[in-house]
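This report refers to the structure that appears directly beneath it.
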Amino acid sequence: MRQQIEGSQAVARTVAACRPEVVAAYPISPQTHIVEAISALVKSGELEGCEYINMESEFGAMSACIGASAAGARTYTATASQGLLFMVEAVYNASGLGLPIVMTVANRAIGAPINIWNDHTDTMSQRDSGWLQLYAEDNQEAADLHVQAFRIAEELSLPVMVCMDGFILTHAVEVVDVPEAEQVARFLPPYEPRQVLDPEHPVSIGAMVGPEAYTEVRYLAHHKQMQALDLIPQVQSDFQEIFGRDSGGLIRPYRLEDAETVVIGLGSVMGTIKDVIDERRAQGEMIGALGIVSFRPFPVAAIHEAIRHVKRMVVVEKAFSVGIGGIVSSMVRSAVRGEGITCYEVVAGLGGRPITKASLHQLFEQAGADQLEFLTFLDLDRDLVDRELERERLVRRSGPMAENIVRDLHEKYQPAVVKE
């Protein structure tokens, strides 16, 4: 049903329509509204047959999900930022055990310094954890991806993260066609687990595996992710047939047919990028965009086919690997290796910094003229950086970097005090 609704509320109602049997969660901004809403639906009786467990920590939440899923229950949780890091040991166990848990990650920066705003540092840190990762561009896609995630997870018996930008999407109010229970029931069959704990047939899970078999086990985990490359488009097609809208999939090409430059990104920034591309197209520039929905598994073949004809690519990413640069960029380059395409890595929006149309116009102008550095930090305040570097050069006990930067920033933009 189409309604004006906050993104978190839309996701909560969509998850409820998927009929989870166990929800175990611990609240952390900006995920809190999702699990609060689900708990309210359970308490009111609107979500029947579901046990909501209010955990004491994120590690406890994922541990409870592992137990519930291993016992054969359709299981869901949600987290963000430091909460995701707190549950990391259990995150790896969930995928290693092949448990089809669905988890919303309301993307948020990781400290220190403390920052509650959006970037992709949290989920990018877990890109090798064995979970599938799907990134939503807007709240409609965020809702739709949850319905698809349960089906993908349960067909493959693998866990899935649905990643939606914290605050930008979770707290935004917009029109969303919230999937209704009747439609979801036609799309998502009753859960039939591949493995289940049964007292009549006792088994061990999470057993010790030595060198003689560990490689084979890890290979099969990789193989199942590769199977998802075929399953995700199939699920997208089935979803469109029932719900009447195209949502999800591996990638989302935009005005790419004759493009010489392609801008690549994940999540909500794609909306702003598309607006800028439309404006530059109106001026005659041959530019397009490619949104990546499935980051894990990474759709190498689909990306290669979509952009192999372009001259250059600008990869806008909201996280980076300290000491080397872009994360998404390195993977995109591998997808088009040998095609002679110039790749510009652009780190943007860290800690919630706005990615403005004006900055993107300037960025794409420089890229189109091949005047862009191969690694660019968008809107970096070079003056602040240089002041801190100079301080460290001159003073041995220069103090904490983050606090120094904040103090310099305050001094830079505060009006000078006029003395009588």
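The model shown is predicted, which means the values in this text are computed figures rather than measured ones.
- We find the CD1-NE2 distance between Ile405 and His410 to be 15.0 Å, quoted to the nearest 0.5 Å.
- Applying the side-chain hydrogen bond (donor to acceptor under 3.5 Å, both in side chains) definition to pairs two or more places apart or across chains, those involving residues 25-54 are Glu6-His33, Arg13-Glu46.
- At distances below 3.5 Å, not a single donor-acceptor pair connects side-chain atoms of Glu137 with backbone N or O atoms of Leu266.
- Within a 6.0 Å sphere centred on CZ of Arg218, other residues, nucleotides and ligands contribute 12 heavy atoms or fewer.
- For the atom pair CE of Met164 and CG of Asp138, the computed distance is 9.5 Å after rounding to the nearest 0.5 Å.
- Salt-bridge annotation for Arg382 and Asp386: present, with a side-chain N of the basic residue lying under 4.0 Å from a carboxylate O of the acidic one.
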For Tyr254 and Asp278: C-alpha separation, side-chain torsions, deciding distance, then whether side chain to side chain contact (heavy atoms under 4.5 Å, CB included) applies. CA-CA 10 Å; Tyr254 185 74; Asp278 288 342; 2.6 Å; yes
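- Ser69 places no side-chain N or O within 3.5 Å of a backbone atom of Cys65 that could act as its donor or acceptor partner.
- Pairing each heavy atom of Ala90 with each of Ile66, the nearest pair is O-CD1, 3.4 Å.
- Between Glu411 and Arg387 there is a salt bridge, with a side-chain nitrogen of the basic residue lying less than 4.0 Å from a carboxylate oxygen of the acidic one.
- Taking CG of Leu84 as the reference point, atom CE of Met103 lies at 5.5 Å (rounded to 0.5 Å).
- In the model, Gln140 has a side-chain atom that pairs as donor or acceptor with a side-chain atom of Asp144 under 3.5 Å.
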Report all side-chain donor-acceptor pairs from residues 343-357 shorter than 3.5 Å, counting only partners two or more places apart or in another chain.
from	atom 1	to	atom 2	distance (Å)
Tyr344	OH	Asp370	OD1	2.8
Glu345	OE1	Gly326	N	2.8
Glu345	OE2	Arg333	NH1	2.6
Glu345	OE2	Arg333	NH2	3.4
Arg353	NH1	Asp379	O	2.8
Thr356	OG1	Ser359	N	3.1
Thr356	OG1	Ser359	OG	3.0
Lys357	NZ	Glu279	OE2	2.5

His120 and Asp165: CA distance, side-chain angles, deciding distance, side chain to side chain donor-acceptor pair (under 3.5 Å) verdict: CA-CA 8 Å; His120 292 160; Asp165 287 346; 2.7 Å; yes
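- In the displayed structure, Leu375 atom CG is contacted under 6.0 Å by more than 12 heavy atoms of other residues, nucleotides or ligands.
- Of all heavy-atom pairs between Ile232 and Ser294, the closest is CD1-OG, 3.8 Å.
- Closest non-hydrogen pair, Gly267 versus Tyr135, comes out as N-CB, 4.2 Å.
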CA sep, side-chain torsions, deciding dist, call: Asp128, Tyr92, side chain to side chain donor-acceptor pair (under 3.5 Å): CA-CA 9 Å; Asp128 298 326; Tyr92 273 77; over 6 Å; no
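- Residues Val336 and His304 approach most closely at CA-CD2, 4.0 Å, considering heavy atoms.
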Return all side-chain donor-acceptor pairs below 3.5 angstrom for residues 147-160, not counting sequence neighbours, or 'none' if the list is empty.
from	atom 1	to	atom 2	distance (Å)
Gln148	NE2	Ser247	O	3.0
Arg151	NE	Glu155	OE2	3.0
Arg151	NH1	Phe187	O	3.1
Arg151	NH2	Asp238	OD2	2.5
Glu154	OE1	Arg74	NH2	2.9
Glu154	OE2	Arg74	NE	2.7
Ser157	OG	Gly98	O	2.6

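- Leu389 CG: more than 12 foreign heavy atoms inside a 6.0 Å radius.
- The closest side-chain heavy-atom distance from Pro100 to Tyr191 is below 4.5 Å.
- The 12-atom threshold is exceeded at CD of Glu216, counting heavy atoms of other residues, nucleotides or ligands nearer than 6.0 Å.
- With a 6.0 Å radius and a threshold of 12 heavy atoms from other residues, nucleotides or ligands, Glu373 has its CD atom at or below the threshold.
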List the steps, then state whether side chain to side chain donor-acceptor pair (under 3.5 Å) holds for Arg312 with Thr261. CA-CA 5 Å; Arg312 67 188 65 82; Thr261 301; 2.8 Å; yes
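- Rounding to the nearest 0.5 angstrom, the gap separating the CG atom in Leu145 from the CE atom in Met161 is 14.5 Å.
- Judged purely by atom type and a 3.5 angstrom limit, Glu317 has no side-chain atom pairing as donor or acceptor with the backbone of Gly265.
- Note: His222 and Tyr219 have tilted aromatic rings, judged against thresholds of 30 and 60 degrees for the angle between ring planes.
- Here the side chains of Ile273 and Leu360 are in contact, with some heavy-atom distance below 4.5 Å.
- With a 4.5 Å cut-off on side-chain heavy atoms, Gln3 and Val178 count as touching.
- For Glu388 (side chain) and Asp408 (main-chain N/O), no donor-acceptor pair under 3.5 Å exists by modelled atom type.
- For the atom pair CD of Glu305 and CG of Leu256, the computed distance is 11.5 Å after rounding to the nearest 0.5 Å.
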Could you walk me through whether Met62 and Phe86 pass the side chain to side chain contact (heavy atoms under 4.5 Å, CB included) check? CA-CA 10 Å; Met62 183 53 65; Phe86 194 13; over 6 Å; no
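- Side-chain atoms of Arg127 come within 3.5 Å of backbone atoms of Met124 as a donor-acceptor pair (strictly under, hydrogens ignored).
- A 4.5 Å side-chain heavy-atom check between Leu229 and Pro299 finds at least one atom pair inside the cut-off.
- When atom types are taken as modelled, the side chain of Ser237 and the backbone of Gln234 share no donor-acceptor pair closer than 3.5 angstrom.
- Distance alone, capped at 3.5 Å, is enough to place a donor-acceptor pair between the Ser8 side chain and the Thr170 backbone.
- Side chain of Gln133 to backbone of Val162: no donor-acceptor contact under 3.5 angstrom is found.
- Residues Met1 and Asp177 come closest through the heavy atom pair N-OD1, 3.1 Å.
- The nearest pair of heavy atoms linking Ala228 to Pro297 is CB-CG, 3.8 Å.
- A 4.5 Å side-chain heavy-atom check between Ile292 and Val332 finds at least one atom pair inside the cut-off.
- Salt-bridge formation is not detected for the pair Arg108/Asp122: no Lys NZ or Arg NE/NH1/NH2 atom is positioned less than 4.0 Å from an Asp or Glu carboxylate oxygen.
- Residues Leu250 and Phe298 form no side-chain contact, since every pair of their non-hydrogen atoms from C-beta on lies 4.5 Å or further apart.
- Within a 6.0 Å radius of CD in Glu56, other residues, nucleotides and ligands contribute more than 12 heavy atoms.
- Annotation: side chain of Ile307 is in contact with side chain of Met313 (closest heavy-atom distance under 4.5 Å).
- At least one donor-acceptor pair under 3.5 Å links the side chain of Thr77 to the backbone N or O of Ala24.
- A distance-only check finds no donor-acceptor pair linking the side chain of Arg19 to the backbone of Val15 [under 3.5 Å].
- Note that CZ of Phe167 and CD1 of Ile116 are 4.0 Å apart. Values are rounded to the nearest 0.5 Å.
- Between Thr123 and Trp131, the closest side-chain pair of non-hydrogen atoms is not below 4.5 Å.
- Other residues, nucleotides and ligands contribute only 12 or fewer heavy atoms inside 6.0 Å of the CD atom of Gln362.
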